[in-house]
Protein chains: 2
Amino acid sequence: MNAERIISGCGFFLRLDAQRRERLASLAEARTFARGQVIFRQGDDPAGLFIVATGLVRVYQLGPSGKEHVLHLAGPGMTFGEVAVLGDFPAPAFADANRKTTCLLLPSGALRATLRSDHELCLQVLGSMAFWVRHLVGLLEGIVLRDAAGRVAHWLLDQVSEGRTTIELPSQKKDIASHLNLTSETLSRTLRQLREDGLIEEPTGQRIVIKSPERMREVAEGFFPRV
Amino acid sequence: MNAERIISGCGFFLRLDAQRRERLASLAEARTFARGQVIFRQGDDPAGLFIVATGLVRVYQLGPSGKEHVLHLAGPGMTFGEVAVLGDFPAPAFADANRKTTCLLLPSGALRATLRSDHELCLQVLGSMAFWVRHLVGLLEGIVLRDAAGRVAHWLLDQVSEGRTTIELPSQKKDIASHLNLTSETLSRTLRQLREDGLIEEPTGQRIVIKSPERMREVAEGFFPRV
DNA sequence: CGTTCCGGTTGATCTGGATCAAGGCTCGAT
DNA sequence: ATCGAGCCTTGATCCAGATCAACCGGAACG
């Protein structure tokens, strides 16, 4: 697998020139994880910044009751583990592989050294972190201010790339439910409701088609709360 | 008011040397806001990075139903508005002054220019952003994984500086409740419960004394859910 | 000084989504 | 092919916390 190519397809390192991409690629180590394998644990010293090449990684936290909350479902081109490296503190969450997964790892020491020596890279990463904060704020907003249907609708709209209407679910529904702070039962019921209202179709278990983006947007914005 | 002094007391610019502090101070503009005054709105172009000198700022989002969620209560020495500047996108939230408030403003353009020219500063800010992400993740974790009592206990423990036991409430209880995603009624009831269980005392309306940090920690970690 | 208004407390009731329970389906392992 | 072991769905019930409502006390203001 071509490290440079993976790095250039990665949002976190957007708009990096070829030379810098090459430099980062030279630091990278390939890692593969089996289905279900734990990649790191909450409290671990940060190993480095991971970039998913293939597969899917679940980043999650555990509550005292054993409940888990999926913070992030990282598919190809997405990063995880970066925050602890940059802040130099223990990992604030767990990560495991949802299925067989390959990653690039930019080890903590090497990454930090590179950031220290490369001002331009540092600026890029700063911008990416700001986007990550915005994403988290959006997540929080969704969970706090929307009801179950609103969360699901909003998430569905987020998944479709501009203009398309078909969503390939990135993982099992139970993990998507957890990400939205719902139980899988409630997600199932909510999708059924959307189906019955004609807003979506589910031709297969892993695929959802949005039939009416306008009405969906209304549900997401909370205008459609009770029928 | 001394801009350099305020900057040096600000967590976001921790460990900056005198020269850099001075440089930032020279960019800063003083701003004062009356009680209730809106500082910026969701969707606004970012004005810059604000540092609270005196007073208190509420950073919050509005839901479709009109419900507001307080993301951040920024007191003296804390920053807000930084994320939109660094990411160069519209403000993701509203901010208003909870009472008469004075701030330093580092305007977007000047701040970005300084970051571009000062690699060391850039590294500092990167670390601060990572801490901010960790804080947000903690907030999300609290809201998703803890029940009402757990959230309140956790927040109270967060407010006491190491070793002390008295908390001066930074704002009205309704805003604290919103920050914890509770109604003020529920916060009131939860505090009463803690009071009756002998975990806290409320000598006045704005002051809370933690009587038993150990038991409080148990509540925060969810070990005390039903008596 | 009243008086108005807003924040906080407390009580009564309601409800969205969790939890508990029971099949059916898929898919990997044998 | 057969056999689990998860996963998903659907139904029935429950509950933490929201909502509704009433009251109190103090700060702002004429």
Side-chain angles (χ1 to χ4, degrees), chain A residues 34-36 56 58 63-70 96 98-100 142-153 169-196 200 202-208 219 222 224-227, chain B residues 34-36 56 58 63 65-70 98-100 142-153 169-196 200 202-208 219 222 224-227:
Chain A
R35 169 188 177 79
L56 188 80
R58 292 185 333 140
S65 61
K67 172 175 174 177
E68 60 181 42
H69 178 239
V70 175
D96 67 20
N98 178 71
R99 60 181 93 122
K100 183 165 188 295
I143 286 174
V144 167
L145 298 174
R146 291 178 216 272
D147 65 5
R151 270 174 261 171
V152 173
L169 297 185
S171 72
Q172 289 103 297
K173 289 185 179 173
K174 75 182 174 87
D175 289 322
I176 294 168
S178 164
H179 185 52
L180 299 173
N181 196 30
L182 297 173
T183 57
S184 58
E185 291 97 323
T186 299
L187 175 60
S188 182
R189 284 186 246 269
T190 304
L191 288 175
R192 175 157 64 116
Q193 188 63 50
L194 292 174
R195 217 183 309 127
E196 285 174 358
I200 61 171
E202 290 188 272
T204 77
Q206 350 285 333
R207 184 175 289 127
I208 292 180
V219 175
F224 232 69
R226 303 288 85 227
V227 178
Chain B
R35 170 189 175 78
L56 188 80
R58 294 186 330 140
S65 62
K67 171 173 174 178
E68 60 182 42
H69 178 240
V70 175
N98 176 73
R99 60 181 92 122
K100 184 167 188 294
I143 286 174
V144 166
L145 297 174
R146 293 179 216 273
D147 65 6
R151 269 174 262 171
V152 173
L169 296 186
S171 74
Q172 289 101 297
K173 289 187 180 172
K174 75 185 174 86
D175 289 323
I176 295 168
S178 164
H179 185 53
L180 299 173
N181 196 30
L182 297 173
T183 57
S184 58
E185 292 96 325
T186 300
L187 176 60
S188 181
R189 283 186 246 270
T190 304
L191 288 175
R192 174 157 65 114
Q193 188 64 52
L194 292 173
R195 216 182 312 127
E196 285 174 357
I200 61 171
E202 289 189 273
T204 79
Q206 350 285 332
R207 184 176 289 128
I208 293 180
V219 175
F224 231 71
R226 297 294 87 223
V227 178

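Below, chain A is the first sequence line, B the second, and so on; all start at residue 1.
The side-chain hydrogen bond (donor to acceptor under 3.5 Å, both in side chains) test applied to B:Thr186 returns B:Thr183, not counting sequence neighbours. Annotation: side-chain hydrogen bond (donor to acceptor under 3.5 Å, both in side chains) contacts of B:Lys67 (sequence neighbours excluded): B:Asn181. With sequence neighbours left out, the side-chain hydrogen bond (donor to acceptor under 3.5 Å, both in side chains) criterion links A:Arg207 to A:Glu168.
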What does the B/S/- profile of nucleotides 19-30 of chain C look like, 5' to 3', with a 4.0 Å heavy-atom cutoff to protein?
BB----------
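In this structure, the CZ atom of A:Arg99 is 13 Å from the P atom of D:dC7, given to the nearest Å. Here D:dA18 presents its P atom at 13 Å from CG of A:Leu145, a figure rounded to the nearest Å. Distance, B:Gln172 CD to C:dC6 P: 12 Å, rounded to whole Å.
Of the candidates D:dG11, D:dG17, C:dG8, the closest approach to any side-chain atom of A:Arg192 belongs to D:dG11.
Contacts classified as salt bridge (Lys or Arg N to Asp or Glu O under 4.0 Å) and involving residues 175-195 of chain B (residues at least two apart or in different chains) are given here: B:Arg58-B:Asp175, B:Arg192-B:Glu196, B:Arg195-B:Glu202.
Minimum interatomic distance between A:Leu145 and B:Gly63 (heavy atoms only, all atoms of both residues): CD1-N, 3.6 Å. For the pair A:Thr190 and A:Ala149, the tightest heavy-atom approach, listed with the atom from each and the gap, is CG2-CA, 3.8 Å.
In this structure, B:Leu187 reaches neither bases nor backbone, as no heavy-atom distance under 4.0 Å exists between it and the strands shown. When heavy atoms are screened at a 4.0 angstrom cut-off, A:Asn181 is found touching the sugar-phosphate backbone but no base atom.
Between its opening and closing five pairs, the helix from C:dC1-D:dG30 to C:dT30-D:dA1 changes axis direction by 50°, a value rounded to 10 degrees.
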